[in-house]
Each structure stands twice: as C-alpha cells, then as structure tokens.
Amino acid sequence: MSGASAADVRSILSLPPSGPQSNPSHPPPPLKKAGSGRKPEGISRELYALIGPTVPSLLQSSKPRLKQKPNLGGGSRRVKWEHRNFKNPARKDSLQLQHWAKADDPEDDYVFAKYNVESNIYTYSQDEYNRLLEDSEWTKEETDYLFNIVREYDLRWFVIHDRYEFSGGPERSLEDLKDRYYSVCRKLVRSRPWPGDEASKSQLLNSLQFDKEREVTRKKYLTSLASRTPAQIAEEEALFIEIKRLEQTERRFKKDREELLRTLAGVESGLEGVFVDDDGPMGVSESKKKKKHGGDWESASAASNVISLGTPVPKKGQQSTKASVPSPEEDILHCIHRTSALVPNNLPATKNAHTPVYLRSAKIPVPKPAGLAPKVTAALAELGINHQRLVMPTKENCEKLESLLDAAAALVDLKRAVDRVEQEIKTSRERMDKSKSTSASVAGDAPETPMDLDQDETGTERDAEGEKEDESVRAQSVVSTRSTRGRKSSRRSMSISSVDTSTPVATRATKRMKK
Amino acid sequence: MVQYGGDEVAALVVDIGSSSVRAGYAGDDTPKAIIPTSYGYIAETSTGDDVEMGDGSQESPATRPNAKMYIGQNGPSMWRPDMEIANPMQNGMIHDFAPIPPLISYALKDVMRCNPIEHPVLVTEPAWNTPANRERMAEIMFEEFQVPAFYIANTGVLNAFAAGKGSALVVDIGQSMASVTPVVDGFVLRKGLQYSALPQLVHAHAKHLLTSPTQHRPAIQLLPHQLIASKMVNRPLIPSVAILPVMLNVKPVEPGQPPKFTPREDRISQTTDSWRVWAEGREVDEWVQSVAGVLDQGWNEQAVIQRPARQYEFPTGFNTYFGPERYSVGELYFNHSMIADRNDNLPRALPSLITASISSCDADTRHILMSNMVVTGGGSLFSGLVDRLNNELSRHWQVKLHAPGNTVERRYGGWLGGSILASLGTFHQLWISKEEWQDHGKAIVGQRCK
C-alpha cells in the first residue's frame, strides 16, 4: 500500500508503461538508476518512488522543516531553571511570590515591573486652589475627590463617571467631570512656570482642551441617532438610496448631454461649459494654447480635419483672431472650403443658430422638390444610379450629384409639362379636326424641349443623357481623387490625411465621438 | 513567556457558582476540581463512611452544630436516609458562608490535593456582590486557609477576559441568575449592570409544565432514579442480553402510557423534602438540557408545530414525545407573554436586560459594547438561545455576539478568565498579601479590587 511506484500509478491511470519496461507483469524495481543515486533526504520513500529521480530542485537544496523537533540540549549547554522567590517592585509590601526562572537570569529586577506605568495626574496646593481654581459649582472637597478618582482609574472616564459617588454633591455628568478636570489642569499649566518652550506648552494646553458644549451636543446627537426606530432607520436609508440614485441620474444626464453636445455642436460650437479639443493627438492644454494664436499652421490643419464646417460660431475669446484669420489663399492652400460666410456676430449662440460639423457623406443631396422625388429616384434607378450613396463623397462629387439631381428634377418637370402640353395639343387637334382648322401657334412650344413627342424617343434620349451624366460623375470622381493627389504632390508639406478622401475623416470623427 | 505576558506563580482560582464550585491552577484551560455547590448534611452524627467533608465546625447550615456534610460528586447525588440538601448560594451571591470553607477545602485539598498555604488564591464574585460579602470571603481565605495572597475578581470582567476582550457586554446566563454586565477597560460599569433570576423562572416553568397534565399525557412524576427499584422501559428486549426475569414478563411502556415502576418504598419514607426538591430539580434540568429549545425567529405557532417532537424518558420509565411545549420553555428567556400578560414581578427577560444595560451606558461606549457582546454561562448552552438572541438584537442594533463554541469555555468562562488573569505577570502587583490584610484590615479589599 505504501510502496506505490510510478508503474502503479500508471496502471491506475491506464497509461502505457513508461520507458523501456514493457512487461507489466514484472514490475520494475523502483526507479533508482545508478546515475540518480539514492533517494535524497527530505523526501519520503513513497513520494520518491512516485516521482523518481526527477526531483524538484527545491527539495534537494533544502531539507524541509515540517516539524520542529525540540532541541533537547544535544550539543548546546543545559539550561538550569530554579523555583525562586521574587519581589515585585510595584508592590509596597513584602509579598514574595514564587515562579520558575532561569538560574542565570539576574534576580534583581522583575520583568513586568516596567509595565507598571502611572499616569501623570496634576495636583494642586491649597494656595493654588484659592487663587485659581475656585468655582461656584465645585467645592474643594469635591475637586479633591475628582482628582483622586481620576488618579485611581487612570483617566478612564467611563469608569470614573460610573464610580463617581461624592456624597452630598450634585449629580455630575461625564462632561461635568471632564470639564472640571481639564479646566483645572489648564489653569494649573498656565499659572505655573513652564520649563520648556512655548510650543510645547501650547501643545499641552491643546491636549487639555475640552469643549463641554460641543461634547454635550455631540452626545445628544449620538443618542438621538441611537434611539431611532427601525421605521425611521428604514426611511432614512430609503431616502439615502433615493438621493444616491438621483445624483447618479443627474451625473449620467450631464455626461450624456455633454457627449451629445460634443457630437452635435462639435469643436467650434460656442456653447459654454463644453470644451472640446479639436486636435485628437494633441494634449488639451497645448491645443488650448494653440487656439489662442489661431493663425498658425497647426490650428489651420486642425480645422482642415473637418471636411465641412457649417457656419461656425466662433467662441467669444476667439472671435477676433478667428475673424482675422481666414484668407482665400490659405483656404485653398489647406483645402478649406467655406460653405458660406460667417454668421453675423450679433446672432445668439444657440443651437439653432449654427450648423454643427457633419460628414459630407451624411449630407448627400436629395432630390429637392419633395413632390418630384419619387419620380427622380425612379428615373435615376432606371439608369442604375443610386443617388443615396456616393463612393467618394468629395465636395466635387457631391456638387456633381447635386447638379445631376437638379437636372433630373428639371427633366421630370419638363416631362410633366410636355405631357400636359401634349395632352392639350391632342385635345386641340381633335377640336381642330372637328372644326377642320389648324393652328400652328400651340405646337410652336414643343420644339423648345429637348424631347420628342414620341414617348420612346424621349426614353432613349433620357437614357443617353443619364448615362452621359453618370459617366461624367464617375469620371469626375476619379479625376477629383487624382487631382487632389496631383495637388497634394504639388503642395509643400500637406498631410495626406487632411487632404485625402473620407476615410481618415471618418476615423477622426469616431475618435472625437469617443472623447 | 514574556511574549504573552504570562508569569506563573502557581496561583489557584476558585469560582463559586450556584451549580458548581470550580477550582484549578491559574494558567490551565479547565478547572481541575468541579464539585456541586449543593451539599448534603445530616443533622445527627452519622456513622456513614461515605465521602465526608469537614464537620461544619462553626454555625453550620441552618442551626445544626454537629451536622455531617456530604460534598462533592458523591455528596448530594447519593441518597442517604434523612439527608438534607442545601445550597449556600442565593441569586448568585453567597448567602450562607458556613459551608463555604468546607466546599473550598474539599475542592482544594481533597480534589486538587494542594495546600492553599502555598498558593495565592483568586476568587470570583458576581458583579452585584456586596462589600461585606467580599470582605467575608477575604477573611475566610486569609484566616482559615492562610493563603499568602488573595484577590477577588468580578465574573463579568473575567468572562470578558476569557473571550479575549477588555471591553465587552457580558451576557452571563447561569443556573440561577442571568446578568448583563458592561465591562470597559476591565472595569465593570456598575450603573449598567442588570441581572434577574430568569433561569429560575425558566426552571420553575419547566417543572410546572412537566408536573401538570395535558390532554396528551398525564402529569409526570419526577421521581429520581435513586427512589426507583425497577421500571419498564421502552426498549426492545434483546434475548441475548441477560435481563432480569421480572423484566421479561412485562411489556415495555409505550410512549405516553402511564409508567410501570416499582418505587423504593423503604427509601421514600426516609427521604427529606429538601433532597426531593433538589432531585426533582435535577430531573427538570436534565429534561430542559436534552429536550427544551427556543425558536430562533420568535414564537410562531406554525413553526413550533413543524418542529419535530422529541422523545424523552424519565427515571420512572415514562416516556413521551415533546412537541411545542419544549419550545415554550425557552421562549421565557425572551418574553413572558406565555405565562402572564403583564407582570412586573417576574424576572426580566434577556432583551429587556440588555436594552436597559445598554441605555444606561454612555453613548460613546454603546458601540464598543454592542460590537463586543460575550454570551457565556452554562445557561447559554440552552438549545438555540444564542441564535435567537442574535436575531432579537439584530432587529434593533448592529451587534456582534461572541459565544465560545467550546462548552467548557462557556460553562466555566469566569474561571477561565480568572485563570488568565492570575497567570499574568502584570497582575501580580494587585494581589492582596497577607501582610496587607493584617495591616489594613478589610478595607484593603475594596481599595484593591475595584
């Protein structure tokens, strides 16, 4: 049972026998190879049989001291103990108790005598009492009694108060006793010559300070706290939780609002209390400082990160600098497109008064007259154009798309007019046929439109036009990319990200969102 | 040795309680001698060669000049013709000092086999002990036992020390008294001390319950086994075991059936009333200890019925299952509504004792006391009592109850605290030496043992 070897364990775990031994019926001798030598000390035989020579190095290095064996004097000298009388210096009588002590220990001083520490209680003379310590509420006798009992119980005030029984005296509260004692002590310290410096004296006086009123109020408060009924405690707790909840809600609301404002109002919003550093990697303080002199390159490039500035309302402090900065040359240099002139400064800086930053892809133009929108969409869909999505929503492409939409809208509009006129012509012709008279003045309008009277012809023509426009858009989009690249190469040190297409902008935007 | 502040001077610790006198060496964890405080005595001189102790030399118990005293494990529990039983304690205090020297002498000299002249002795006292009583105790120790040094310590303080606390609210439930003692820095706050004879009420109620008939069972005769010659027990008869022939003929007593037993008529006529009361009290105590309990969540008729009934067999052979009534006993520790609606004469229940004690303490100490509540005493071993107490108190305050799991620690907490105290090196300056006793007289006791 005790001699379980590695093979036993292996057989229990149904593992193949290890190493060269392949004969299970003939259990190998314990893994004691000549090289590994004998079982190291500190490992039980059974354990060694299990783990074999692969002993953890830790065990070999130090012998485990699992059980402390008493050192029974083997080698070391014997200690002689003797039962001896001892005298406690704290005692005033001659009582001698007996204990066992080492024979070579000195006999004179008792080990526990040093723990007999007496507290330093002030005493006063009759003269001092008469001069300083007179109190209408305390007699000398009672004060003496108080000081005696304080000495007796080593300033343990709870015990002093408990044991305080001065016959004939009024009922004293704990605060009364403390107040009297400490006031007497303070007076004594003040009146007596002080050997040390002033600092230590005032420190001592501070330690003797006792504010009775405050203590009484505190005790009252404590008592009232302790005497709450369970219902009151429950109510209090409920209120506390409610307050916590309200606070939390408010904090969350504030945070949400701030975040929302950051997202909506963006960098240049003049909303107070919303601070947004518009320069991702830049430190807050740095960008703040940079904003002060806004004309420099950093600020401009920072501003150029935003593809389309709405109508930025400059912050109050920035108004002058910002207003002086923009010049057409620099705008072109830094690919800044200003959609419209600055909003007049007298406009109130409210949310409605300005357009926040947005991604151009979010504002892809839609067919303008809402009534025509379905038809325009249908027309474009016939051409295989999805006007809601632009591969490269650059400024130019957006403009192209807008013009395309405008054109399409105009087309649809015209088509409608043509249809109407056609209808009119038809009716007039019928009337004319009836009256056998022709009028060329009405048909004169028709040649103005680019479409024929024939329905099919109009369709093909529109197809062609659409295709042409589509192509032009695509070409434009490609060209615009190319052209920006070209421009980029010609620029001195323009950062690619600031000029390049929408993807970096998007990442920047998300970064800002995360803040 | 110095690390834990111990310095053994071979002091003896004597803890006298209502049920037992504990004596042992300071530094031990269990008293060496535990003898019942009740003792037997026979007024006229007896020739019995039983364990005898002293001869009650002075004004012996209740006016028996030459009474023979029977002390120890074989004292009161052994039936003797015309032996009376007395107990020197009343409400936790020593009421009759005459049998105290024999009791202490028996414990120290006969059980421990040591000579008190060689050892300082620490004696315990309840917190409500009178100065006259402690002085009398000092007198006994110095004058009769010639001890070299003496100290009398408060059981409340000692129980706190036994729990390893200097400040604690000690809830001590003994055999006759339940007390709540606030201890701060090793001093009893006397104004907060509360005690009542609650265990006596519980005992009396239990006895009343057992001896009055209910619809399920007749009144129970609390005859002790000393007065019963033979009985039929509810036990399957095993043929292989040699059984008295008389028992083989009769069927055992079924639960709830009237007992069939033969009393020892010869003894009954010579049994004194005091012995009988003592013996019956012991039967009640045994029943309480093995069957009675207290619900941990307050009295609840449904909950009581759901608890399993417990079988108990009395010495007469009568046995039955005790259901709700076994819980009604413990309920008395917490409220008296079971037996009386409003009766101010009844000893106060534990919660009201604790509340009164706490509220009479300073507001600053309350927190310390409530987070250091020590529940101790043999009565606190009442089944479910500590849990119930914890539940009751937690409803009003944040309390932390400390109740030793070790029953010896719980029963002899006072002795254990004395054992700790008397083996401390720093304590030895507090002993009242014989010299001081002779110089100052009785006054020294009050001065030294604060």
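Since this is a predicted model, take the numbers as computed values, not measurements.
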### Pairs of heavy atoms under 4.5 Å with chain A: top-ranked of B:Leu424, B:Leu430, B:Thr365, B:Asp362
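The answer is B:Asp362.
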Greater than 12 external heavy atoms within 6.0 Å of [X]'s [atom1]:
X        : atom1 : value
A:Glu235 : CD    : no
A:Gln203 : CD    : no
A:Glu165 : CD    : no
A:Gln232 : CD    : yes
A:Glu134 : CD    : yes
B:Arg395 : CZ    : yes
A:Glu171 : CD    : no
B:Lys32  : NZ    : no

### Query
Going by heavy atoms in the side chains, are A:Leu95 and B:Gln429 under 4.5 Å from each other?
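With C-beta onward as the side chain, the pair stays apart.
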#### Entry: Minimum side-chain heavy-atom gap B:Val9-A:Phe86 below 4.5 Å
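B:Val9 vs A:Phe86: side chains touch.
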### Task
Please determine, among A:Asp93, A:Asp154, A:Leu174, the option with the most heavy-atom pairs under 4.5 Å with chain B.
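Most heavy-atom pairs within the cutoff with chain B belong to A:Asp93.
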### Message
At a heavy-atom distance under 4.5 Å, which candidate from A:Arg163, A:Arg156, A:Gln98 has the highest pair count against chain B?
### Response
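Going by pairs under 4.5 Å, I would pick A:Arg163.
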### Message
Whether the side chain of A:Arg91 engages the backbone of B:Trp431 through a donor-acceptor N/O pair (distance < 3.5 Å, no angle test) should be reported.
### Response
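Yes, because the side chain of A:Arg91 sits within donor-acceptor range (under 3.5 Å) of the backbone of B:Trp431.
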Toward chain B, the part of [X] with a non-hydrogen atom under 4.5 Å:
X        : answer
A:Tyr221 : neither
A:Gln96  : neither
A:Asn116 : both

Nearest 0.5 Å please: distance from the [atom1] atom of [X] over to the [atom2] atom of [Y].
X        : Y        : atom1 : atom2 : result
B:Ser433 : A:Lys92  : OG    : NZ    : 11.5 Å
A:Phe112 : B:Thr426 : CZ    : OG1   : 7.0 Å
A:Phe158 : B:Ile368 : CZ    : CD1   : 5.5 Å

### Task
Search all heavy atoms of A:Asp162 against all heavy atoms of B:Val188 and return the closest pair with its distance.
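For A:Asp162 and B:Val188, the tightest heavy-atom pair comes out as OD2-O, 3.3 Å.
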### Message
At under 4.5 Å between heavy atoms, what parts of residues 348-360 of chain B are in contact with chain A? List them by residue number.
### Response
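Those residues of residues 348-360 of chain B which would need a heavy atom under 4.5 Å from chain A do not exist here.
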### Query
Mind checking which of residues 434-450 of chain B sit less than 4.5 Å from chain A, heavy atom to heavy atom?
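So far as heavy atoms go, B:Glu435, B:Glu436, B:Arg448, B:Lys450 are the residues that approach chain A to under 4.5 Å.
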### Task
Might you work through the side-chain contact (heavy atoms from CB on, under 4.5 Å) test for A:Leu97 and B:His119, ending with a clear yes or no?
CA-CA 9 Å; A:Leu97 296 167; B:His119 303 278; over 6 Å; no
### Message
When you compare the side chains of A:Tyr110 and B:Asp7, does any donor N or O come within less than 3.5 Å of an acceptor on the partner?
### Response
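The answer is yes; a qualifying pair exists.
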#### Entry: Contacting moiety of B:Ile432, where chain A heavy atoms sit under 4.5 Å
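Contact with chain A involves the backbone of B:Ile432 alone.
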